[in-house]
Amino acid sequence: MSYNFKAVEERWQKVWDEKHAFEAKEDHTLPKFYALVEFPYPSGAGMHVGHIKAYSGLEVVSRKKRMQGYNVLFPIGFDAFGLPTENSAIKYNTHPRVLTDRNIEKFTSQLKKVGFSFDWNRVIDTTDENYYKWTQWIFRKMFDKGLVFREKTLVNYCPHCKVVLSNEDSQGGKCDICHSDIIQKSKEVWYLRITEYADKLLFGLDKVDYLPNIKLQQENWIGRSEGAFANFKLTNCDENESLRIYTTRCDTMFGVTFMVIAPEHPIIEKYRDRITNIADLDAYKEACAKKTEFERTQLVKDKTGVRIEGISAINPANGKEIPIYISDYVMMGYGTGAIMAVPAHDERDYEFAKKFGIDIIEVISGGNIEEAAYTGDGEMVNSDFLNGIKTKKEAIAKMLAYLTEKGIGEKGVQYKMKDWAFNRQRYWGEPIPIIHCPHCGMVGVPYEELPLRLPDMENFEPGEGGESPLAKVESFVNCTCPKCGGAAKRETDTMPQWAGSSWYFLRYCDPNNTEALASKEALDYWMPVDWYNGGMEHVTRHMIYSRFWHHFLYDIGVVPHDEPYAKRTAQGLILGPDGEKMSKSKGNVVDPNDVVEEYGADVLRVYILFMGDYGAAAPWSPSSIKGCKRFLERVEGLMYMAKGNGATPKLESAFHKAIKKVTEDIDTMKFNTAIATLMSLLNDIYDAKTITIDELKLFVKLLCPFAPHLAEELWSRLGETELVSLSSWPVYDEAKTVDDTVVIALQVLGKTKDTVEVPKDCDEDTAFAAAMTSEKFASLVNGKTIVKKIFVKNKIFNIIVK
RNA sequence: GCGGGCGUGGCGGAAUUGGCAGACGCGCCAGACUUAGGAUCUGGUGUCCCCGACGUGCAGGUUCAAGUCCUGUCGCCCGCACCA
């Protein structure tokens, strides 16, 4: 083997660096292509093979687009604020700045060793004050527009990390960072009013090209539902007091036989003295508060609750008095925290009514309410003016009109999505640029004072009460109010991890701008992102958040489009050799650096893309990677075979077919079959035992996006002085991708018996004549009655005989 | 429970969207070259009762023709989870 991949790869990486080969051009007249990958969190552990897969997809697309003449922006950066770094800072008593710089350096060197064609001139770091200045600037703009508020609520709190977590960061009752159980804690926290953008985020999905499952996940996350609000009058309460509910099924209102409110519903406190069993309610409430998220989800089947004695409600549809219960199957956080219960037509209400012996009144016929709730469609019964209506849609419309006319309800929309809890009580994050003034209230830090820098400190331990370490820095906390000039205190919370990544793709367009987050010209030219690829785990959080920020920036005229990402795809996981998800505890982690050391970056890249469907999970195979190594070595071997110019007749059509297939497969992310095509073409060349220098150059170009180091090496050995990475992508001649003859299958009664070569596009008679030259086929047909002949051009000839 | 996806050789995976199932690679078998082979090259490799038949989780159906479409069923994976 004369191919020293280590020396070759180092050499070309150096040349790319020196020539600034992959930097995006400032010429805005060129057609542009903006490819975005999710920038990494620079952890101390270094890169994972998952990172390589995540970047390799658009790396190949970008390299091909560049060769096709596009001005490509393929940037990289570091999302470097966050808890793991801060926790190591505490553990090793080293400043997070030092650790972050060290980790970024490590990641940079690893990324360069893989040969990614990133634009190294536009690297961003979210912890750089020139970057987070603009994160703070966007926050301030949101504050000005009333999208920022503070509220005391029960929050998800991680006792281990000592931080408040958003709903998104505490799914399943576990902390997203340390996986310990989260608890509910009452605290005043910052919120961003993302719910105000719920409809824009939902309807914006209509105009973007995301994979269907990505769109669906976002739709479910936003969780829009259309229904009605209605007010139920209360007895033994103040005049006009009513309980407001939200329902999607106002058509069933005549079937309401009780109401249920969340245990925390404020009406209980308001009428404490009129409720005769307040002690029972308090006891139930306390029991609910003690339940962990886990217990609540496990006890789904078993409904519990307590009837409120002393006050009751009036069903506005029929004037009947109905009981009110408290139960934890109704959540304070959705709708109004109160529901009208229709046991005949709702499974949960049915279960509750059965347990508490409450009346069940059928209002939609078609089911058997003796046995179960009926949730299907049917004719309305027992419903006064709705009787006889046969569709849900019509009944809802009529009831809505009634509620509106009587002034007891109206149409309404609800979302599952909650406002975004936007804070952390930790050091290593963007300081929230707000000042608390005893006279003026909350005042934004003046724009000209941004960035509001993180103060230097030595001890980053969070306070026991969950307050930020910044609270200990008096010089940071004490300040003057920008409005009245009086003594004031600075906010000490920092922003959550998601802040910096909510707009980073804008900064890449113009990373050094000191006057704006990016210039208008740069944004006009580069945005929107043409293709964004990343992990499925980010499609509901990072993507929803960043789309929200981008819609906001559009509304205030900072960016030229509402949707930031024109297209979004996702790569699948790389599993360990055992087929399990890679994890340190299972000991099945593959370190990309080891692979680069043993096989080189080209082999690593080719193997990762060859493993299988890019969007699907696939296990790492230590032996399969050898096939990719052999492939590249055999490609190198072509150097000793190539001679002459022009096209080899035997190979010409194979080359044109391969150019077509590889070009198309890259655009549709079918990298595995693109590589398989190159392998097949290579086999054809070895079978032919000949290849011209022109053809080898063509092969090298096709290989370049996948194995760029080897491609550059061969290109230069073939006498070229420019980079193949910056050469032109081959084009194929459609006419040369088709052969003059085709092999068709000969079938009798639908079973393939033989094949025969016929002229391309020949007619049925010609094909039949050719078919009869097959002895096997002819013997099965002769002497039989031909019932039917089925001929599909260039595909099959099928004959039905008796 | 609801939503989405997937079941194809010993393994990873292909299949122009209804038209020769198993491309490409791994592994395996045989041979060559070798002092040696976890290197390289050549040939073979779905299964079986091997001139034939059977084969894409299972059972049916539509069709000249089904991995692909329809009905039912089993298994696995991923989201959301009492959303009113």
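Quick caveat: nothing in here was measured; it's all calculated off a predicted structure. In the text below, chain A, chain B and the rest are named by the order of the sequence lines, each starting its count at 1.
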Students often get this wrong, so: under 4.0 angstrom with heavy atoms, is [X] touching a base, only sugar-phosphate, or nothing?
X	value
A:Asp613	sugar-phosphate
A:Thr752	sugar-phosphate
A:Gln747	base
A:Ile796	base
A:Lys793	nothing
A:Asn672	sugar-phosphate
A:Val743	base
A:Ile790	base
A:Ala616	nothing
A:Arg634	sugar-phosphate
A:Asn683	sugar-phosphate

For a quick check under 3.5 Å, do [X] and [Y] share a side-chain donor-acceptor pair by atom type?
X	Y	answer
A:His542	A:Glu38	no
A:Asp761	A:Asn794	yes
A:Glu757	A:Thr741	yes
A:Asn683	A:Ser680	no

When you check the phosphate oxygens OP1 and OP2 of [N], does a side-chain N or O of [X] lie under 4.0 Å from one of them?
X	N	result
A:Asn220	B:G79	no
A:Arg630	B:C26	yes
A:Lys751	B:G19	no
A:Tyr334	B:A84	yes
A:Arg541	B:G79	no

[N] - base-pair partner by Watson-Crick or wobble geometry, distances under 3.5 Å:
N	result
B:C64	B:G19
B:C58	B:G72
B:G37	none
B:A30	B:U42
B:C50	none
B:A14	none
B:A81	none

| Whole-angstrom distance between B:A21 and B:U16, as gauged at atom P |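 Those two atoms are separated by 14 Å.
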| Is the NZ atom of A:Lys793 crowded by more than 12 outside heavy atoms at less than 6.0 Å? |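 Count not over threshold, so no.
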| query | Among A:Asp739, A:Asp684, A:Thr677, A:Thr737, whose side-chain hydrogen bond (donor to acceptor under 3.5 Å, both in side chains) with A:Lys657 holds? | reply |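 Only match with A:Lys657 under side-chain hydrogen bond (donor to acceptor under 3.5 Å, both in side chains): A:Asp739.
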| Picking from B:G25, B:A23, B:G4, which would you name as closest to the side chain of A:Ser624? |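 It is B:G25.
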| query | Closer to the 5' end of RNA chain B via nearest nucleotide, is it A:Ile744 or A:Glu347? | reply |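 Checking each residue's closest nucleotide, the 5'-ward one belongs to A:Glu347.
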| request: Answer yes or no: side-chain N or O of A:Lys795 and base N or O of B:C20 forming a donor-acceptor pair under 3.5 Å. | output: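 Result: no qualifying N/O pair found.
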| Roughly how far apart are A:Ile625 CD1 and A:Trp620 CH2, rounded to 0.5 Å? |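 Rounded to the nearest 0.5 Å, the CD1-CH2 separation comes to 4.0 Å.
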